[in-house]
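Before any comments, here is the structure.
Computed from a predicted structure; not experimentally measured. Values reported hereafter were calculated over all heavy atoms of this structure, with side chains retained and with hydrogens, waters and symmetry mates removed.
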Amino acid sequence: MKIIYEGKEIELSEGANGFDLAKAVDLENKNKVVGYMVEEQIKDMRMPLESGKEVKLIYIGSKEAFSMLNHSTSHLMAQALTHLYPGCKFGFGPDIDEGYYYDVDFGDVKITEADFAKIEAEMKKCAKENNPFVRKDITAEEARIAFAGNEYKQELIEEHKDEMLTTYTNGDFIDFCRGPHIPSTGLIKHFKLLNVAGAYWRGNSDNKQLTRIYGTSWYTEEDLKEHLEILEKRKLNDHRRLGKELGLFLISDYGPGFPFFLPNGMLLKNALMEYWRNLHTRYGYKFIETPTMLNKELWLTSGHWDHYKENMYTTEIDDKEFAIKPMNCPGAMIIYNNDIHSYKDLPLRLAEAGHVHRHEASGALNGLFRVRAFTQDDSHIFVRQDQIEDEVKNIMKLFDEVYTVFGLSYKIVLSTMPEDHIGSEEFWQKSEAALAEACKSSGHEYTINPGDGAFYGPKLDFKLKDSMGRTWQCGTIQLDVNLPQRFNCSYIDEKGEKVMPVMLHRVVFGSIERFIGIITENFGGAFPTFLAPVQVNILPVNVLAHGEYAKKLDEALKAEGIRSQLDDSNEKLGYRMRQSIVKKIPFTLVLGDKEAENGEVTYRVYGQEKNVTVSFEEFKKMLHHSIKTYARY
């Protein structure tokens with residue numbers, strides 16, 4: 001048989017598998033190959049190759065190999081659990097971004113992190129057996145026998161009773177699984193169980209709550225150690241802890257999921273929004289504001305009433321049903337239709353920092369990351385079909401500027417036409433091509449997520465990566481012909497005829513609250529000067545002797561729009577300096593005799609131990625430059 005590898009035809013014997021290919025093309029590194037890929041589908045090494053197909057080997061060090069390792073480690077953990085807790089029943093056990101989990105019904109046994117050491121010890125024992133991961137296709141009847149007594153698996157069997165089902169076995173453990181897996185458990189050496197939580201079967205709160213055990217697995221001890229250090233850093237930088245320490249926000253039992261912003265938090269939020277407004281002014285956006293509550297007729301027109309009502313807060317006013325807006329889009333449609341538009345008016349860029357409410361399950365609420373009320377930095381841009389590519393490039397330029405300021409790198413995913421799409425295939429093809437070309441011509445790479453576009457149009461999702469390696473979904477650009485059609489939007493073209501515009505939905509921060517949570521953790525609470533709630537902390541060495549000079553400088557800084565603070569408490573200087581460091585204030589000024597006599601300041605930058613003395617005028621110039629350039633300090 002012949003297969004294609006790196007553009008060349010490779011001759012192999014009939015029935016050859018991934019192991020045979022690795023030996024044929026890379027004998028020296030064959031032990032570093034854990035799978036192969038055909039047409040974007042990952043296969044186990046034991047699976048037979050198909051003649052004529054183009055094949056790519058999966059090496060240790062790739063993201064695919066990492067996913068396979070963690071998926072396999074979840075099965076290894078499950079095997080160990082069957083030895084330690086006979087009779088436990090398993091739900092799902094997938095790999096996730098940085099590890100894996102398994103949902104388990106332990107009956108009356110309660111599992112805590114105190115049990116992790118013995119579970120890990122049993123996992124190591126099972127791994128040393130070097131059992132292969134063996135794939136097998138079975139019928140539903142065979143599956144009913146194999147998983148007798150496990151109601152979770154029986155439920156899945158009934159849903160797929162007319163199909164062949166796939167199982168994987170490692171040692172004495174078997175489970176439903178499509179795979180793929182690494183060749184054997186002997187490759188699993190460096191892993192750690194991380195935490196335990198409750199999880200409803202299939203995510204439905206009407207079902208039984210199972211125990212979810214999370215873990216992570218790596219190919220080298222160094223990689224595992226580095227990841228565990230990052231996890232510890234994340235704990236220290238948890239935005240909920242920092243939010244309390246820095247006086248940014250609180251969540252009250254009087255309003256679960258409805259954040260309260262404290263004075264420092266409002267200073268931060270206002271600074272962020274000032275940056276947002278200035279940025280959008282430069283990029284040609286017009287600002288709007290739409291009502292928080294609108295009647296049922298609008299939500300029926302937009303489609304939200306039929307498809308999103310369960311997540312909306314509703315009430316009655318004057319015997320009519322109203323809903324608090326979960327999205328800003330319909331309000332933007334009303335504003336667009338308020339005027340008659342010419343083709344010369346487009347693109348029309350409408351920006352709104354709108355306060356929206358969505359009913360999230362109580363168990364999903366998480367600080368500022370998942371809330372029920374948040375500000376969405378929406379923009380709705382109305383364009384002609386021929387303007388899509390240029391406008392997307394303009395948006396991407398804006399995104400580049402924003403994410404660079406906040407130290408966030410990103411990857412782009414293009415989601416294409418789903419089966420339940422509206423609009424012609426020609427529209428989809430042109431739109432997808434325009435988005436792809438906008439990426440290419442802007443110098444950005446992208447990956448394709450086939451069939452995952454919204455039903456009304458394709459989209460670009462921006463996956464942000466922070467300083468601790470986590471990925472966040474924030475920015476998005478979505479093409480929409482659905483809402484313009486529902487609201488009968490139009491413009492007059494050069495022939496004097498009415499034409500429907502295409503609308504681009506676009507957010508850069510996503511949720512302002514969530515973005516504040518992200519950057520709080522990304523910066524560890526030590527915000528760039530332009531964002532810091534307090535930018536300068538002024539400490540007179542002796543309040544009686546130097547207090548007047550300190551007060552004079554505080555007033556001068558405030559007059560120039562600087563968020564300064566005067567700490568003239570009776571505490572010792574060392575204590576006040578430590579408090580300034582704890583609050584992560586970018587610049588701390590220490591004022592003594594010399595400074596007062598010469599019109600100078602001695603400042604220390606957060607995170608540094610060096611004290612620098614300069615004239616007050618020179619300090620102000622440096623401070624303004626730090627703010628203007630969005631520098632860290």
Side-chain angles (χ1 to χ4, degrees), residues 61-67 70 95-99 216 218 222-223 226-239 242 268 271-272 275-276 279-280 282-283 368-369 376-377 379 392-415 435-449 452 459-478 506-532 607 626 629-633:
S62 67
K63 64 179 182 179
E64 293 86 0
F66 179 74
S67 296
N70 276 276
D95 62 281
I96 52 179
D97 281 349
E98 296 180 339
T216 189
W218 299 78
E222 293 77 12
D223 286 341
E226 181 180 344
H227 182 66
L228 295 178
E229 287 173 352
I230 288 174
L231 294 182
E232 285 302 311
K233 183 180 177 183
R234 289 179 189 172
K235 288 180 184 178
L236 292 174
N237 288 356
D238 189 305
H239 78 285
L242 289 172
L268 170 62
L272 183 63
Y275 167 78
W276 180 84
L279 176 82
H280 283 74
R282 283 196 287 109
Y283 275 82
L368 296 180
F369 288 161
Q376 194 162 36
D377 69 315
S379 289
V392 171
K393 286 195 287 188
N394 187 57
I395 295 171
M396 293 176 72
K397 183 180 176 184
L398 182 150
F399 280 18
D400 273 338
E401 184 174 335
V402 172
Y403 298 144
T404 299
V405 164
F406 294 98
L408 299 165
S409 60
Y410 65 82
K411 292 183 178 179
I412 303 174
V413 178
L414 169 58
S415 297
L435 293 179
E437 186 56 38
C439 291
K440 292 176 185 174
S441 58
S442 300
H444 295 91
E445 295 181 355
Y446 65 93
T447 57
I448 294 178
N449 192 1
D452 199 49
K459 61 178 181 174
L460 294 174
D461 287 325
F462 291 72
K463 309 288 186 179
L464 307 187
K465 198 165 190 177
D466 67 14
S467 60
M468 290 174 282
R470 291 170 303 182
T471 300
W472 305 93
Q473 169 63 58
C474 290
T476 187
I477 304 171
Q478 299 182 359
R506 190 240 68 183
V507 294
V508 58
F509 294 147
S511 155
I512 301 297
E513 286 72 11
R514 183 165 175 260
F515 194 76
I516 287 174
I518 291 170
I519 61 175
T520 297
E521 296 195 359
N522 190 50
F523 293 125
F527 298 104
T529 312
F530 84 100
L531 280 182
S626 177
T629 59
Y630 311 120
R632 188 70 184 271
Y633 303 120

Let me confirm one number: the [atom1]-[atom2] distance from [X] to [Y], rounded to the nearest 0.5 Å.
| X | Y | atom1 | atom2 | answer |
| --- | --- | --- | --- | --- |
| Leu272 | Phe515 | CG | CZ | 6.5 Å |
| Asp461 | Lys411 | CG | NZ | 14.5 Å |
| Arg470 | Asp97 | CZ | CG | 12.0 Å |

Hey, what's the ring geometry for [X] with [Y], parallel, tilted or perpendicular (30° and 60° as the breaks)?
| X | Y | result |
| --- | --- | --- |
| Tyr275 | Phe406 | perpendicular |
| Phe399 | Phe462 | perpendicular |
| His280 | Trp276 | tilted |
| Tyr410 | Tyr403 | perpendicular |

Flag the pair [X] / [Y] as yes when at least one side-chain heavy-atom distance between them is below 4.5 Å, and no otherwise.
| X | Y | result |
| --- | --- | --- |
| Leu242 | Asp238 | no |
| Cys474 | Arg514 | yes |
| Val507 | Gln376 | yes |
| Leu279 | Glu401 | yes |
| Thr447 | Ile412 | no |
| Ile477 | Met396 | yes |
| Asn70 | Thr216 | yes |

Inspect the surroundings of NZ in Lys463 and state if more than 12 heavy atoms from other residues, nucleotides or ligands are less than 6.0 Å away. yes
Table please: side-chain donor-acceptor pairs of residues 435-442 below 3.5 Å, with sequence neighbours left out.
| residue | atom | partner | partner atom | Å |
| --- | --- | --- | --- | --- |
| Ser441 | OG | Glu437 | O | 2.8 |
| Ser441 | OG | Ala438 | O | 3.4 |
| Ser442 | OG | Ala438 | O | 2.7 |

Using modelled atom types and a 3.5 Å cut-off, is there a donor and acceptor pairing between side-chain atoms of [X] and backbone atoms of [Y]?
| X | Y | answer |
| --- | --- | --- |
| Asn522 | Asp466 | no |
| Glu521 | His239 | yes |
| Asn449 | Val413 | no |
| Thr476 | Arg506 | no |

Under 6.0 Å between ring centres: does that hold for Trp218 and Phe66? yes
Check [X] against [Y] and note the closest heavy-atom contact, atom names and distance.
| X | Y | value |
| --- | --- | --- |
| Leu268 | Leu531 | CD1-O, 3.4 Å |
| Gly61 | Ala65 | N-CB, 4.3 Å |
| Ala631 | Pro528 | O-CB, 3.4 Å |

Could you tell me if Asp400 and His444 have a donor-acceptor pair between their side chains, going purely by distance under 3.5 Å? yes
Among all residues two or more places apart in sequence or in another chain, which pass the ring-ring contact (aromatic ring centres under 6.0 Å, His included) test with Tyr446? none
Got a sec, which pairs hit salt bridge (charged side-chain N to carboxylate O under 4.0 Å, His left out) with one end in residues 227-237, sequence neighbours left out? Glu98-Arg234, Glu232-Lys235
